[in-house]
Amino acid sequence: KAGVTQTPRYLIKTRGQQVTLSCSPISGHRSVSWYQQTPGQGLQFLFEYFSETQRNKGNFPGRFSGRQFSNSRSEMNVSTLELGDSALYLCASSLAKASGRWVNNEQFFGPGTRLTVL
Amino acid sequence: TQLLEQSPQFLSIQEGENLTVYCNSSSVFSSLQWYRQEPGEGPVLLVTVVTGGEVKKLKRLTFQFGDARKDSSLHITAAQPGDTGLYLCAGGRGGATNKLIFGTGTLLAVQP
């Protein structure tokens with residue numbers, strides 16, 4: 001079974017631009033979560049999608065947004081980029097539900113997209 | 001606010017030594033996961049513990065969830081250079097959310 005894929009792997013942007021990152025979850029997984037990883041703050045939760053609906057959102061400004069498509073693929077967008085947005089953006093997929101019940105939230109991460117804002 | 005504190009932050013040891021990494025919180029979690037991350041890659045799930053007092057073994061790695069489900073530990077026996085990496089604990093609240101609260105991380109270097 002293929003793992004979580006993220007594209008692109010590397011991005012360089014300048015302040016004020018916007019960026020869209022893509023994530024394809026493991027086949028059969030319906031939940032996708034996004035995290036930002038920086039040396040100073042570690043791994044921080046951005047948002048989570050399940051069945052095309054945002055279920056949970058972290059403490060990030062409105063410049064960070066996301067969506068999920070009917071095939072469970074997800075995108076996140078960052079508008080008006082700032083230098084502090086430079087980070088590794090990680091996508092994680094999870095089964096979320098089995099036999100109609102919520103299951104333990106084991107998450108499987110993709111390799112990440114390294115975003116550098118100049 | 002960092003809800004999960006890991007210690008130590010950095011650890012450099014020789015091959016063959018034993019070590020323990022701690023993950024502590026004042027909050028209760030329904031599950032606790034441990035990940036290992038290598039440079040430039042995403043975290044790889046090692047284990048999930050869900051029951052207070054639970055102990056799980058994965059070859060030379062032993063994971064324990066505290067009785068009160070607020071803390072956890074990872075013990076590595078006879079460390080090898082291949083164990084080098086960033087170890088992260090992450091707590092989940094369960095229910096209808098997959099949000100994980102990640103620990104501060106422990107960077108382990110095992111010298112041959």
Side-chain angles (χ1 to χ4, degrees), chain A residues 3-6 9-10 21 23 25-26 29-51 53-60 68 72 74 87-97 100-114, chain B residues 1-10 21 23-25 27-52 54 56 58 63 65 69 72 85-107:
Chain A
V4 178
T5 58
Q6 290 187 247
R9 289 294 308 274
Y10 302 93
L21 312 181
C23 170
I26 292 171
H29 284 193
R30 294 164 62 190
S31 170
V32 173
S33 299
W34 289 89
Y35 293 82
Q36 180 196 64
Q37 187 175 28
T38 59
Q41 298 298 317
L43 265 147
Q44 292 191 295
F45 174 80
L46 280 158
F47 27 64
E48 174 195 358
Y49 288 88
F50 177 79
S51 291
T53 301
Q54 187 180 88
R55 288 205 296 174
N56 212 336
K57 191 177 189 303
N59 295 324
F60 280 83
Q68 187 180 33
S72 295
S74 177
L88 181 66
Y89 289 89
L90 293 159
C91 164
S93 85
S94 172
L95 186 60
K97 263 190 172 181
R101 293 179 62 245
W102 298 109
V103 295
N104 291 324
N105 46 356
E106 288 191 335
Q107 296 189 49
F108 299 89
F109 284 82
T113 294
R114 171 72 63 185
Chain B
T1 303
Q2 191 60 259
L3 296 181
L4 276 168
E5 295 288 338
Q6 286 184 237
S7 62
Q9 275 189 294
F10 304 98
V21 177
C23 173
N24 295 300
S25 172
S27 302
V28 175
F29 292 99
S30 63
S31 69
L32 202 295
Q33 299 174 32
W34 283 92
Y35 293 85
R36 181 172 68 217
Q37 184 178 24
E38 298 190 18
E41 298 296 328
V44 175
L45 179 65
L46 297 173
V47 78
T48 300
V49 286
V50 299
T51 305
E54 182 177 5
K56 278 192 175 179
L58 183 66
F63 305 86
F65 203 9
R69 290 185 291 134
S72 181
L86 177 66
Y87 287 82
L88 296 157
C89 63
R93 302 286 190 198
T97 178
N98 283 323
K99 176 182 177 180
L100 289 175
I101 307 294
F102 274 86
T104 47
T106 295
L107 188 58

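Quick note on labels: first sequence line is chain A, next is B, and so on, each numbered from 1.
Taking the side chain as every heavy atom from C-beta outward, B:N98 and A:R55 approach each other to under 4.5 Å. The closest side-chain heavy-atom distance from B:L100 to A:F45 is not below 4.5 Å.
Using a 3.5 Å distance cut-off with no hydrogens or angles, the side chains of A:Q107 and B:Q33 do not pair a donor with an acceptor.
At distances below 3.5 Å, not a single donor-acceptor pair connects side-chain atoms of B:E41 with backbone N or O atoms of A:P111.
If you take CG on B:L4 and CG on A:L43, they are separated by 12.0 Å, rounding to the nearest 0.5 Å. Rounding to the nearest 0.5 Å places CG of A:L46 at 10.5 Å from NZ of B:K99.
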Go through A:L90 and B:Q37 one step at a time and tell me if the side chain to side chain contact (heavy atoms under 4.5 Å, CB included) criterion holds.
-> CA-CA 12 Å; A:L90 293 159; B:Q37 184 178 24; 4.3 Å; yes
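For A:F109 and B:Y35, the ring centers sit closer than 6.0 Å to each other.
For A:Q6, no part lies under 4.5 angstrom from a heavy atom of chain B. For a residue to count as touching a neighbouring chain, one of its non-hydrogen atoms must lie under 4.5 Å from one of that chain's; by this rule A:Y35 touches chain B with the side chain only.
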